[in-house]
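Below is one structure, written out as structure tokens; comments come after it.
In listed order, ligands and their atoms are each counted from 1. From a predicted model like this one, the values you see are computed outputs, not experimental measurements.
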Amino acid sequence: MITLAEKLAGVNSRISQAASKAGRDRGDITLIGVTKTAGREAVEAAFQNGLRDFGENRIPDAETKFSPPPYPDHAARLHLIGHLQTNKAKRAVALADLIHSVDSVKLAQVISRHAVDLGKTVPVLLEINVSGEASKHGLSPAELPECLAQVIGLPNLEWRGLMTVAPYYENPGQTRPVFAALRDLFDRYNPGLPSWRDLSMGMTNDFEIAIEEGATLIRVGRAIFS
Ligand SMILES: *Cc1c(COP(=O)(O)O)cnc(C)c1O
């Protein structure tokens, strides 16, 4: 049986190899452990083995596992990576260190309003449905410029960049064009903010390809927690 510590070490060494292959600095890539199938004990064990970024899809699960967290307050970051309904935005703002899944002007406005109320600045990413699959959330690439123009001045939001969920392919190399397209959108529509620095892409199946294409945040669940 492979322990969580061994799985985490394996993923970390694959990240280092992919970074070095791409001529990138390992320090520019953050591993987010996606805990949607894991419990509090696994979160705690991962923390004890050095993981400092956690990702959750659903607000109720995030609250159960991270409010309070099974590690000292503010000792790690919580990323919300799943589709977010406006009626849960207030809870998201209270919990999250980074919201990856902003996919409409309306949602950005609601998050901004709650952030103002709570006196917080919330780092955010816009989610793009690069592949156009009907099952995926996110703005279409065509909607991005107009949406960005409308959300960029909203108070108490810090725009960090873009996120996508790639389709699952048996051969991970097939995801490369999806990641390259997100990178291209990130560069082309760079609003010129100093905070614009993150590309959230790559999961268990394809994170090495995502790193080669410029990912700064990779979201890995199964390779660590199953
Ligand atoms: C579940 C999930 C992941 C992690 O996927 P794995 O294949 O388990 O690595 C990453 N991003 C999102 C949005 C997810 O829902």
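Look at R188 and D184 and you find a salt bridge, because one of the NZ, NE, NH1 or NH2 atoms lies within 4.0 Å of a carboxylate O, short of that distance. Using a cutoff of 4.0 Å between basic side-chain nitrogens and carboxylate oxygens, E212 and R176 are scored as salt-bridged. Using a 4.0 Å cut-off between charged side-chain N and carboxylate O, E56 and K36 make no salt bridge.
There is no side-chain donor-acceptor pair under 3.5 Å between N156 and S112.
Side chains of L157 and V151 form no contact here, defined as non-hydrogen atoms less than 4.5 Å apart. For the pair N205/R222, a side-chain contact is recorded, criterion being any heavy-atom separation below 4.5 Å from C-beta on.
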Which pairs of nitrogen or oxygen atoms, taken one from ligand 1 and one from the protein, are under 3.5 angstrom apart?
from: ligand 1; atom 1: 7 (O); to: R222; atom 2: NE; distance (Å): 3.0
from: ligand 1; atom 1: 7 (O); to: R222; atom 2: NH2; distance (Å): 2.9
from: ligand 1; atom 1: 8 (O); to: R222; atom 2: N; distance (Å): 2.8
from: ligand 1; atom 1: 9 (O); to: T204; atom 2: N; distance (Å): 2.9
from: ligand 1; atom 1: 9 (O); to: T204; atom 2: OG1; distance (Å): 2.5
from: ligand 1; atom 1: 9 (O); to: G221; atom 2: N; distance (Å): 2.8
from: ligand 1; atom 1: 11 (N); to: R219; atom 2: NE; distance (Å): 2.8
from: ligand 1; atom 1: 15 (O); to: K36; atom 2: NZ; distance (Å): 2.8
from: ligand 1; atom 1: 15 (O); to: N57; atom 2: ND2; distance (Å): 2.7

